[in-house]
Protein chains: 2
Amino acid sequence: MKTLSPLTAQFVAHFGEMGSRWGINRTVGQIYALIFVSEKPLNADEIADALEFSRSNVSIGLKELQSWRLVRLKHQSGDRREYFEAPQDVWEIFKSLAEERRRREIDPTLSMLRAAMLEAPSTAADTYAQNRMKQMHELIELSSTWFDDVQRLSPETLARLMRMGSSVKTVLDMTDKLKVVGRKKTASATGVSQ
Amino acid sequence: MKTLSPLTAQFVAHFGEMGSRWGINRTVGQIYALIFVSEKPLNADEIADALEFSRSNVSIGLKELQSWRLVRLKHQSGDRREYFEAPQDVWEIFKSLAEERRRREIDPTLSMLRAAMLEAPSTAADTYAQNRMKQMHELIELSSTWFDDVQRLSPETLARLMRMGSSVKTVLDMTDKLKVVGRKKTASATGVSQ
DNA sequence: TCGTGTTTTCAGTAATTCTTGAAAATTCGA
DNA sequence: TCGAATTTTCAAGAATTACTGAAAACACGA
């Protein structure tokens, strides 16, 4: 790493180390970290230079980051090179990450499970296995459609929900009560909104 | 794979393939899949035999799965060997997974960010970088304490919340209104409960 | 304590994934 | 269309991670 401030160097190094745990590699993690904390968009040469990676490695890393929608291209007028920046809004980043992870890590499993549900079990063991798969399918299905829904909330609403923490239960209970007492009044509570 | 029904074989194979994406390896994924769909606890030899892995590989895999709390030891009376089973409740599995992932993938980053917050930025670039880190820190902190909270909800409450999907916003809005109209009545909505 | 059945460790090998420099492809202005 | 600037691809080597068999360690009944 060349000419990185200690603060940034520390941040970049951490992302490198964590990379493998996140399911990306060291290089990709470091490239992202660098772009994330950089005020101005960076081009591939600047990145290769700062991180002391080969130019080709940076190219591959940027492709990967783009596929995760964690960085985006931003052209600088009067410069032919491609510049990259990370989305400003951290909520947006969070959403991209969740969405992409879902697409890659969850959806294939859901398809597999759906297919498995359709097979006719031939033995008692198979019946049990299929039942277990069904439980797994239901849980994943439920949490992933929930994630879809929540993803559509505005950052503000999402933040509000999160700040509520577990007191959300009280609200849920309250809602149920209201539903029982005056069905009509709270009917809107089952509708979908932004 | 020896003597696995096509249904189970398919499931096991999928977990093997997905393993790398989940951040575990092929072996570990397959061992887990096999235990998950098996009605009776399995011992290491049975697993090694069914999956055609070496005994030592299975031993390592089981250690890994135990560290994730995805399988647990269950002794069979009159048998000295160790038997393993997966928790029955899929919600419990979900929680273990989330908790462990948080511990390994999130907490270290939170510490790093906290440390970075304390450093005095020396340049304008550093000030910007530190501000970005702060945004990241806030988001991660918020979502992880939220996860803590939600984790404490009963499976039923959690399922209820999930089934609500994005209509949770309406409830939130409603709660706000109630708060404004009659503060005292809804004060309990900010308390914490199971 | 010994001996047998069981699990764990470990060093070596195999497989996979990462990184690189060089060459090829692409882009775009002249 | 040409040519310079830039990005991408690719094959080979490097590094990392996974897997194995053999040996060591462990547990427990006799």
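These values consider heavy atoms only, across backbone and side chains, with no hydrogens, waters or symmetry-generated copies. A, B, ... follow the sequence lines: proteins, then strands. Residue 1 opens every chain.
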Whole angstroms only, please: what is the [atom1]-[atom2] distance between [X] and [N]?
X: Tyr83(A); N: dT7(D); atom1: OH; atom2: C1'; result: 14 Å
X: Ile47(B); N: dC19(D); atom1: CD1; atom2: P; result: 15 Å
X: Asp45(A); N: dG21(C); atom1: CG; atom2: P; result: 13 Å
X: Arg21(B); N: dT17(C); atom1: CZ; atom2: P; result: 12 Å
X: Phe53(B); N: dT17(D); atom1: CZ; atom2: P; result: 20 Å
X: Ile60(B); N: dT20(D); atom1: CD1; atom2: C1'; result: 9 Å
X: Asn57(A); N: dT7(D); atom1: CG; atom2: P; result: 15 Å
X: Leu51(B); N: dA18(D); atom1: CG; atom2: C1'; result: 15 Å

TODO: Carefully, step by step, assess Arg69(A) and Glu99(A) under the rule side-chain contact (heavy atoms from CB on, under 4.5 Å).
DONE: CA-CA 10 Å; Arg69(A) 281 175 300 150; Glu99(A) 227 171 83; 3.0 Å; yes

Does a donor on one side chain and an acceptor on the other come within less than 3.5 Å for [X] and [Y]?
X: Thr157(A); Y: Ser154(A); answer: yes
X: Arg72(A); Y: Ser96(A); answer: no
X: Arg104(B); Y: Ser67(B); answer: yes

Open item on the list: Please give me every residue in residues 63-82 of chain A whose heavy atoms get under 4.0 Å of an atom in DNA chain D, ordered by residue number.
Closed with: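 Contacts with DNA chain D under 4.0 Å: Lys63(A), Arg80(A), Arg81(A), Glu82(A).
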
Under 4.0 angstrom between [X] side-chain N/O and [N] OP1 or OP2:
X: Ser59(B); N: dT8(C); value: yes
X: Arg55(B); N: dT7(C); value: yes
X: Arg26(B); N: dC19(D); value: yes
X: Asn25(B); N: dC19(D); value: yes
X: Thr27(A); N: dT19(C); value: yes

- [ ] Hey, could you give me the CD/CG distance between Glu46(A) and Leu51(A), rounded to the nearest 0.5 Å?
- [x] 12.0 Å

- [ ] Report the C-alpha separation of Glu17(B) and Arg26(B) in whole Å, then their side-chain angles, then the decisive distance to 0.1 Å, and conclude whether the side-chain contact (heavy atoms from CB on, under 4.5 Å) test is met.
- [x] CA-CA 6 Å; Glu17(B) 285 157 26; Arg26(B) 189 155 56 323; over 6 Å; no

TODO: Please work out which of the three classes, parallel, tilted or perpendicular, describes the rings of Phe11(A) and Phe15(A), given edges at 30° and 60°.
DONE: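 Ring orientation, 0 to 90° scale: tilted.
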
TODO: Can you figure out which of dT9(D), dT7(C), dG21(D) approaches the side chain of Ser54(B) most closely?
DONE: dG21(D)

